[in-house]
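Throughout, a chain's letter reflects where its sequence line sits, starting with A, and its residues are numbered from 1. What you see below is based on every heavy atom in this structure, not just the backbone, and it leaves out hydrogens, waters and symmetry mates.
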Amino acid sequence: MVEIQALSIEQLLALRPLAVTIIAVLIIMMLALWQSKWPSLLVALSASAFVVIDSLSGAGTVSVFGLQFDVLSRIVSALTGFAAFVTFLVSFRYLDQKKEQHPEYQILLLLSLAGMQLMNAAADLMLLFIGIELMSLSIYVLVAFARSRRACCEAAIKYFLLGSVASAFFLYGMSFIFGATGSLAFTALAKANGYLGYLGIGLLTVGFLFKMGAPPFQMWVPDVYEGAMVPLTGFMASAVKAASVFAFVRVLTSCTMPDYFWDLIRFAAIAAIFLGNAVALTQTRLKRFFAYSSIAHTGYMLLGILGGSSSAIIVYLVVYSVASLGVFSILTLMSGPDDSLLTSLESAGFGRRHPVLGGLMSLFVLSLSGMPPLAGFFGKYQLFVFLQDRTLVLFAMLASTLGLAAYVRLLINFYMKEPIGVMSRVRTPVGAFFALSLVLGLMLHMSFFPDALIRLISGL
Amino acid sequence: MQLAFLCFLPFLASIFNGFWYLFAKKPWKMAAGVVSTLALFTSFCLASALAFHDVTFSLPWIATGSFELPFVLRLDHLSSIFVLVITGVGTLIHIYATVYMAHDSGIQKFFAYLSLFCGSMLVLVLGGSLPILFCGWEGVGLCSYLLISFWFDDSEKAKAGAKAFIVNRIGDVGFLLGMFVLFQACGSLDIETLTHAQLSPTTVLIACSLLFFACTGKSAQIPLYIWLPDAMAGPTPVSALIHAATMVTSGVYLVTRLHVLFDAAESLHIVMATVGGVTAFVAATIALVQDDIKKVLAYSTVSQLGYLFLACGVGAYEAAVFHVVTHAFFKALLFLAAGSVIHGMDGEQNMWKMGGLKKAMPVTFATFTLGWLAICGIPPFSGFFSKDEILFHTFTSGHTGLWALGLVTACMTAFYMTRLYIVTFLGTKHTHAHESSWGMLAPLCVLACLSALGGIFGHMISHTLAFHAEAESSQLEWILMLVSACIAGLGIALAFFMYDESRQPIRARIQKQYGWLSTALAHAWYVDEAIDLVLLKPLRQIYGFVWRTIDVLCIDGFIMLLASGGRASGDVLRLIQPGFLHISIACMVMGAFFIMGYMVYGQL
Amino acid sequence: MASYSSHLLSLLVFLPAAAAFLGLGARGLGLLRRDVALWYGSLFVTVLTFGLGMMLSPNSEEKYTWIPQLGVSYALSLDGLSVWFVLLTLLVMPIALFASMHAIRDRVAEYCFHMLLLETAVLGSFLAADMFLFYVFWEVMLVPMLFIIGIYGGKERLFASMKFVLFTFVGSACMLVSIMVLVYMHKLQFGVPSSYLPDLLRVHGAIIPSRLLFSAFALAFLIKMPCFPLHTWLPDAHVQAPTAGSVILASLLLKLGGYGLVRIAFPLFPEAAHFFQPLGMALGATAVIYGAWVAIVQTDMKKLVAYSSVSHMGAVVLGLFALNSIAMAGSIAQMISHGFATGGLFLIVGMIYERFHTREIAAFGGLARSMPKMAFFLVLMTFASVALPGTSGFVGEFLILLGAWQTMPVYAGIAALSAIFGAVYMLKWIERILYGQAKSPSLAVDLSHREILILLPFTLGIFWLGLMPGSFFHQLEPSILKMQFFLTTGGYHHG
Amino acid sequence: MVESFAAALFLIGLLGIVLRRTILVMLMSLELMLNAVNLTFVAFGQQQGLLTGQVYVFFTMTIAAAEAAIGLALVIALFRTFRSVDTHAVHGMRE
C-alpha cells in the first residue's frame, strides 16, 4: 500500500517552476480569445524567465513524488528555460514574417518546457517517460506549425513516426525493468542485472540515443532540423538535446552496467563525431550543416559520459546549448521572408554586408568549433582533461579538425567570398537584439570566467 | 688603440662613400677616390709606425656561457709584413684607380667596395682567432663578388662574380669544418692557444687538410682555381689589388700563420707541394696560348701561387712570404701597366691587336719592362731572388722531381711573359694609343722601383722571420742560382726567337702540327666544361627533381589525399542519410534489434 | 631570480586587443577619414606597446588563479629568453602596419582589427607561463592570420589560408592532448591539477609516455617551425599572403615553433629530448639542404624566400636538438636574425610587387641601375640570410654549426653545405633581378623615404646582432643555464 | 508465458510499421505495440505480485491516446499538402 505523506512546504516550493509553466499555458489559452499577439508573448516570456530565476535560486535536493530536484536538474531546467526565453524573443518577428503568428506557438513551447522540467527532475522511469512524451508531442506539433509549407509537414510526420517508435521501444524497455526489479524508480535500476534488466536498459538506451540524435539513430536529425522553422530548430538543438542528454546521464549514473555496454556508447560516440564532422564538410545549406555539427557535439557529450563525471557533461551542455542558441537566432534573423539566405551560395559575403551580425556569427561558430578563447574550447578541455582513454581523446581532437575545416569554410564563405547580387538588408528587431546580447553576454562570461560556471554547478 | 684605428679606417671610408653614392645627388668625380686613398694611406703610415711590434687589440663580441669569442686583432712580425704590403700596394692602386675610374658613373660605389675590401683584408691579416680571420676571409670573398660584377649591365660579368663567390664559399665550408675540428680538439679557436696546444696527429691532419682545401679555394689552386681567370671581368685596378696582390695570398698567410700545425701534419706536406707544383705547371701551360693580356696575367698569377704552395709544402715558409711580397710588387705593376695599355687602347684587351706601343706609351713600356724582367727571374730583380729561394729549398728538401717541374715552369713563365712583352710593345706596327696621365703613371714607377729593388730589401725582411735555423750552404746555393738564371735567359731567348715578325711561317707550321694542343690549352684543358658537365648539369636536374617529387608529389600529395579522404568520407556518409521515410524506419528498427541482440549476446 | 609581479605584462599583452575592438567601433575622428584615422590609430597603438615593452625588466612575472578546479592559472612571465622574441614582435608589428598602408586600400577597419588582435596573440604566446594560457594564445593566432591571408591575399588565398589553419590545428590538437595528460599526471602525483609550467616541470612520468608526449609537442612545434617534412603550408601561405602578412608570418609566427621547443618541450621531457636528438638533428640537416635545393628552382620570388626560411629554420632545429648551450644560443640568435633578414626580404619583395605587380623572377632585370637604394637593401638582406660575417646571420649560423659539431659532426657537416647552396640560390635570384639588361625600366622607381624608413629597423637589427651581440647573449645567459640544468640533471634523474 | 505472447504482439506491430506503406496503418500498428507493452506490464505485475504494474497501464494508455490524436492531426495536415498519405510521397528533402 502506498501511503500518501503530507507535502512539506519546501517540497511544494520545489514544484513552483513547473506549476508556473502550467498556469502560464492556461492563461495564454484564455488570452487567445482576444486575438492580440502581445499579451501571450509577455506571459510566455515572464513564465520562462521565472523558471530560469527560480531554478537558479533553489538549493539542496528535494524529492517530491517521483521527482528529485537536485543541483544538476536545476541547472538544466534553468538552461531549458533560458532557451525557451530566447526562442520566444527571436521567433516573434519571424512568425509575423511567415504570417503564422498564433498563440498556440507559445502554448506548445511552454508545454514542452514543462515536459523538460519533468524529465530533468524525474527519479522514476514512468515520470521520466511522461516528461519525454509531453516534450516530444508538443515538439512534433511545433515542427508542423507552418502547415502550408511542404517541408514542415514532411519533417513533422517523419519526426513523429520515428519518435513514437523510439518511445515504444523506451516503454518496452521500462516494462522489462519493471519485470526485473519490480519498480521503476531510479534507485531500483542498480539491481537491474541479468537478462531482463540488461535487455530493458538496452531498450532504454535505444530510446535515449534516438532522442539525443546519436548514431545509429540519427537519420531524422538533418531532415527535421532543416524542415522545422529556424527558431524551433534552435530550441531543439539546444534545449531538447540538453534535456535528453541529461536524462540519459541520470539513468546511466544510477545503474551499474557491464563493460560491453560502455563499448556500445564508445562506438556511438566515435560514429557521431566522425559522421557529424565529416558530412558537415559537404553541406551547402546552413541549417543542414548545423544539424550535422549538432550530431558531432552529441558525440562529444557521449564521450563525456564515458568519462564518468556528470558535472563535466553539464558544463559542456550549457556551453554547447548557448552557442547553438546564438547561431540559430542569427540564422532566424538571416532567413528573412523566404528562408533564401540559408544556403551557402546566397549567404556568401554576409559578414561584409552585416558586420555586427557577421561578427556575432563568427564568435558563435568559433565557440562551437572549440577555438580557445571562447567557451567551446573550455567545454572540450574540461570534458577531456580527466578522461582516461587518451587514444579516444586524440581521435576526438583530430576529428574536430574536420569540424574546424567545415566551420572555417563557413567563415570563409561569410567574409572572403563576394556576395552575389544585392543582398537584402537584414534588420534586427529590438527583441532579437536583446536576446542576442543576452546569449553573447552569457557566452563571453563563460569564456573568460569559466570557474563561475563550475562553482555554480558543483557549489549551489 | 692605433691598431683598431688602422683596421677600421677603410671601413669608415667605405661607409662614407656608400652613403654618398646612395643619397648624395651631385657626385664630385675625384672626391670618392681621394677619401679612400687617404684612409688607406693613413693606415699605411700607422702600419709602418707599428711595424714589427707585438700589439693586440680586443673587443668583446660573442660570449655565451663557457664559450668566449672576443674580436681580437693581433699584430706581430708576420702580419705586419702582410699589412704593409696590403696598405702600401693598396694605396698605390687606389691612386691609380682614382684616375682610371674617373669617368665611371658609379665611382663612389667602386671606392666603397674597394675600401670595404681593404678593411676586410686587414681584419683577415690581423685576426687574432680563427673565426675573426674567417670573418675577414668571407668579407674579402664578398667584396671580390661585388667588384667583379661591378659593371653589372653585362650579365656575363655578373655570372663571373657569382662563380667566384660560390667557389670561394666551397672553400669556406672547408675552413668552417677545419675550425670545428680544432675547436672540438682543443676547446678554443685562438691562434696563440692553437699553436701551443698538444693535438693528436689525426685531428691535426684532418684540420690542416680542411684548412688547406679552404686555401685552394681562396688562393686558386688546382681544384678550385677556375674562378680566377673569369674574375678578370672586373675593372683592372680590382684585378691588380685583389686578384694579384692581396686576396689570393690570404691562403698562404693562413698556412704560414698556422705553420706549427701544418708542420705537425707530415703527410700533408707532399700533397701541398705537389698541388702547388702541378698548379704552377698547368697554369703556365695555359698561359702560353692566351690572347687576352689580363688572362695571361691571371694564369701567371695562378702559377706563381702554385710556387708559393710549393714553398709551403717543402716547409720554406720564409721563402713563401718573401715571394708573396715580391710577387705583390711586380704582378701589381704588370696588371696596372696592362690596365694603362687597355686604357690607352680604349678598352681593347686582345694583345694581337696591339703592337709597337713602345713609342706610343714610353713610360708604361719602361715600367712594364722592369716588371717583365722581375717576373722572369732575371738576377738583379726581385723575382729572381724569391723564386730561386723557393727552388733552392725544394731542391735541398729532397723533392728533386718537383724542383725540376718548378724549373720547367720558370722557363715557361719567362717564355709567355716575353711573348706578351714582344707582341704588345715591340714589333713595327704603329697602333695609335695615348699615354695615360701622370696619376696612373706615378704608381707604376713606384712599383717598378719596388720590384727592381724588392729582391734585396725583401730578402732582409723575410730572413728576420727566421722560423727555422738557416743552414747556409753557399756553394750549392750559387750553383742553383746560376741554373735558374740560365733557364730564365733560355726562356726569353726562345720567345724572342719564336715571336719575331720574320718567324710568322714557322709559327703557322707549329700551329698546324700541334693545333689540337693549342685549342686544348686555349680552353684551359676544358676544365670548366668538364665541371659543368660532370657536376653542375646533374645538380640542376637534382634540384628540379627534388622539388617536384618530394615537395609537390609526396608531401602535398599525401595532404591532398587526406583532405579529399575527409571530403569523400563526408560524401559517402551523406549518401546513407535516406530521405525516404520507410528506409529510415527500417534502419532504426535494425539498429534497435542490433542493440537488443548485443545486450543479450554480451550477457553470455 | 628576483621577479616582481607587475601588471605591465597584462597591459602589454591586451593593449593592442583593446585598441582592436575600440577601432571596430570608430566612426572616424572628425576631420580624418575613417581609414586614415584607423591606420594612424593602430600605428600609434603598436608604437605605444613598443614603448611599454621598453619599460619591462627582463624577469617580471604575473600570476593569478583563473580556473582553480582545473588548476589553470593566468600566468605571464618575461625572462631572458622571451624578452628578445617580445621585442622582435613589438618591432615588427608597427613596421608591418606602416608597410601595408599603401598596399591595403579597402576593408581597412577589419585589417587593423586583425593585425592588432594578432599582436596580442603573439605577445601572449611568448609571455604565457601557463600551458592552458599558452595554448589559448597559440590557437587565437590562427584566426586573425586566417582572415588576413583570406581577405587580403592573392588568387588562391582561400586554399592557402585553409591549409595554414588546418595544418597548424592538427599539430596543436596533439599538443593539447599531451597538455591534458600532463595536467592529469600532475593531479595524480600532487593531488591538485595544475597547468602552470613550473608545476608541470616537477611532474616525472615513466619513459614511454614522456616520449609520446614529447613527440606530440614536437609535432606541433615542428609544424609551426616549419621543419622539413611538415613545411608545405609555408610556401602557399607566403605566396598568397599580403606583404605585411608575409612579414609577420616569417618574422614572428615561425619563431613560436622554436620558442616552444626551447621553453616547453625540452625542459618538460629532457630524457625524450636526448632520445630524439639524432632524429631531430637529421631532420634539421635535411631541411637545410632540402630548403636550399628547392629554393634554387623557384620562379616566384616569395616562394624562393619561403623555402629559404625552411632552410634557415632547419638550421635552428639542428641547433636546438644539439642540446648544448652554444648551439642553443646560436639557434635563438639565428631565429632573431631570420626575423630581421627574411622580414626585410619580404618587405622588399612587397615593394617590388607594388611597382611591377608581378613576382615572377624572369620578369625583372637590371634593377640595380634604376633602383640603387633598393639594390643596396636587397643585397644586404640577402647576404644576411646567407650568413655573411658581420651580419646577424653569421653569428647564428656559426654558433649553431659549432655547437652541433660537438654532438653530431655528420649532421653539422651536412648543414655547413648550406653555405654553398644558400649562396647559389640567393646569388642566382639577385643576379636575375638586379643585373643584366633592364626589362621594364619605366616602372622602376627607387625607394621613397617612407620605404627606407620601413627597412631601416631591420638593417640596424642585422648589424646590431651581427657586430655587437654582447647584450643579446648576456640577457640570454640565465635561460640557457636553466635549460642546461634541466637537460642534464633533470633528464637523467627521471631516468 | 504471457510476456512471450506480448513480445510476439510487439513484433507484429513493429513489422506493421516497417512493411506497410500507408501512414494510417503505421499509426494503428504503433497502437498495437503500445498495447503489447501494457500486456507485459500486467504480466510482470502479476508475476511480482504488485498492483503497480496495472497502474502503469493507465499511464501508457493515456499517452497512447495523446500520441494517436497528434498522429492523426499530422496525417491530416500531410494529406492537405501532399494529397496522399503514402510514405513514398514524403521525400522532399534530399541533400
Side-chain angles (χ1 to χ4, degrees), chain A residues 309 311-312 315 351-352 355-356 358-359 362-363 365-366 369-374 377-378 380-388 390-409 411-417 447-455 457-459, chain C residues 17 24 65-72 74 106-107 109-110 113 117 121 124 132-143 146-147 149-153 157-159 161-162 165-184 187 193 195 209 212-213 216:
Chain A
S309 88
S311 65
V315 165
R352 299 187 54 187
V356 175
S362 328
L363 270 179
V365 160
L366 285 176
S369 72
M371 261 303 165
L374 301 168
F377 166 70
F378 164 71
K380 267 196 189 130
Y381 180 80
Q382 55 92 25
L383 195 65
F384 294 148
V385 91
F386 299 122
L387 194 64
Q388 253 56 46
R390 294 304 169 192
T391 49
L392 205 60
V393 171
L394 187 64
F395 163 77
M397 294 308 292
L398 291 179
S400 69
T401 34
L402 279 177
L404 179 75
Y407 290 120
V408 164
R409 225 160 60 90
L411 287 181
I412 286 179
N413 198 347
F414 265 33
Y415 278 95
M416 298 162 199
K417 291 246 176 66
S447 308
F448 298 112
F449 307 104
D451 58 332
L453 182 64
I454 296 187
R455 249 203 324 283
I457 287 172
S458 49
Chain C
L24 271 188
T65 54
W66 184 11
I67 313 172
Q69 298 83 355
L70 296 174
V72 174
Y74 170 83
D106 57 349
R107 296 179 79 170
E110 289 169 272
F113 172 74
L117 207 61
F132 184 88
L133 193 64
F134 174 77
Y135 186 80
V136 166
F137 283 119
W138 172 277
E139 284 289 321
V140 159
M141 230 184 336
L142 295 185
V143 176
L146 166 77
F147 280 101
I149 297 178
I151 298 172
Y152 305 93
R157 54 188 188 282
L158 303 182
F159 166 74
S161 51
M162 177 71 98
V165 167
L166 290 187
F167 224 103
T168 325
F169 188 81
V170 165
S172 41
C174 306
M175 179 164 77
L176 182 62
V177 170
S178 51
I179 291 175
M180 289 185 199
V181 168
L182 269 177
V183 167
Y184 187 69
K187 182 172 189 296
S195 58
L212 274 178
L213 297 185

Practice problem: With the side chain counted from C-beta on, respond yes when C:Pro193 and A:Val385 share a heavy-atom pair under 4.5 Å apart, and no when they do not. | Solution: no

Self-check item: Taking every non-hydrogen atom, the tightest pair across A:Pro372 and C:Val136
Solution: CB-CA, 3.3 Å

Exercise. Specify the closest pair of heavy atoms between C:Cys174 and A:Leu394, including all atoms of both residues, with the distance to one decimal.
Key: CA-CD1, 4.2 Å

Quiz prompt | Portion of C:Ser161 that has a non-hydrogen atom of chain A nearer than 4.5 angstrom | solution = side chain

Self-check item: side-chain contact (heavy atoms from CB on, under 4.5 Å) between C:Leu158 and A:Lys417, worked out
Solution: CA-CA 9 Å; C:Leu158 303 182; A:Lys417 291 246 176 66; 4.0 Å; yes

Quiz item: For C:Phe137, is it the side chain, the backbone, both, or neither that has a heavy atom closer than 4.5 Å to a heavy atom of chain A?
Solution: neither

Quiz prompt | Distance in Å, C:Glu139 CD paired with A:Leu404 CG, rounded so as to fall on 0.5 Å steps | solution = 8.0 Å

Exercise. Find the distance between CE (A:Met397) and OG (C:Ser172) and round it off to the nearest 0.5 Å.
Key: 7.5 Å

Quiz item: In Å, rounded to the nearest 0.5 Å, how long is the span from CG of C:Leu176 to CZ of A:Phe377?
Solution: 5.0 Å

Quiz item: If you take all heavy atoms of A:Met416 and C:Arg157, which pair is closest and at what distance?
Solution: O-NH2, 3.7 Å

Quiz item: If you measure from CD on A:Gln382 to CD on C:Gln69, what distance do you get to the nearest 0.5 Å?
Solution: 10.0 Å

Quiz item: Given side chains that start at C-beta, do those of A:Pro450 and C:Trp66 come closer than 4.5 Å, heavy atoms only?
Solution: yes

Quiz item: Tell me, side chain or backbone of A:Ile412 under 4.5 Å from chain C's heavy atoms, or both, or neither?
Solution: side chain

Quiz item: Do the side chains of C:Leu70 and A:Phe378 get nearer than 4.5 Å, heavy atoms only?
Solution: yes

Quiz item: Picking from C:Leu166, C:Leu133, C:Val165, which has the most non-hydrogen pairs under 4.5 angstrom with chain A?
Solution: C:Leu166

Quiz prompt | Structural part of C:Val183 lying under 4.5 Å from a heavy atom of chain A | solution = side chain

Quiz item: Relative to chain A, which segment of C:Thr168 carries a heavy atom at a distance below 4.5 Å: side chain, backbone, both, or neither?
Solution: neither

Quiz item: Taking atom CD1 of C:Ile67 and atom CZ of A:Arg455, what is their separation to the nearest 0.5 Å?
Solution: 11.5 Å

Quiz item: Checking heavy atoms, do the side chain of A:Thr391, its backbone, both or neither come under 4.5 Å from chain C?
Solution: neither

Exercise. Indicate, with yes or no, if the rings of A:Tyr381 and C:Tyr135 have centres closer together than 6.0 Å.
Key: no

Quiz item: Any side-chain heavy-atom pair from C:Tyr184 and A:Phe384 closer than 4.5 angstrom?
Solution: no

Self-check item: Distance, nearest 0.5 Å, that separates CE of C:Met162 from CZ of A:Arg409
Solution: 7.0 Å

Exercise. Tell me, with the steps shown, if A:Tyr415 and C:Arg107 meet side-chain contact (heavy atoms from CB on, under 4.5 Å).
Key: CA-CA 11 Å; A:Tyr415 278 95; C:Arg107 296 179 79 170; 3.9 Å; yes

Self-check item: Toward chain C, the part of A:Ser400 with a non-hydrogen atom under 4.5 Å
Solution: both

Self-check item: Segment of A:Leu366 engaging chain C (4.5 angstrom heavy-atom cut-off)
Solution: side chain

Quiz prompt | C:Leu142 and A:Met371, any side-chain heavy atoms less than 4.5 Å apart | solution = yes

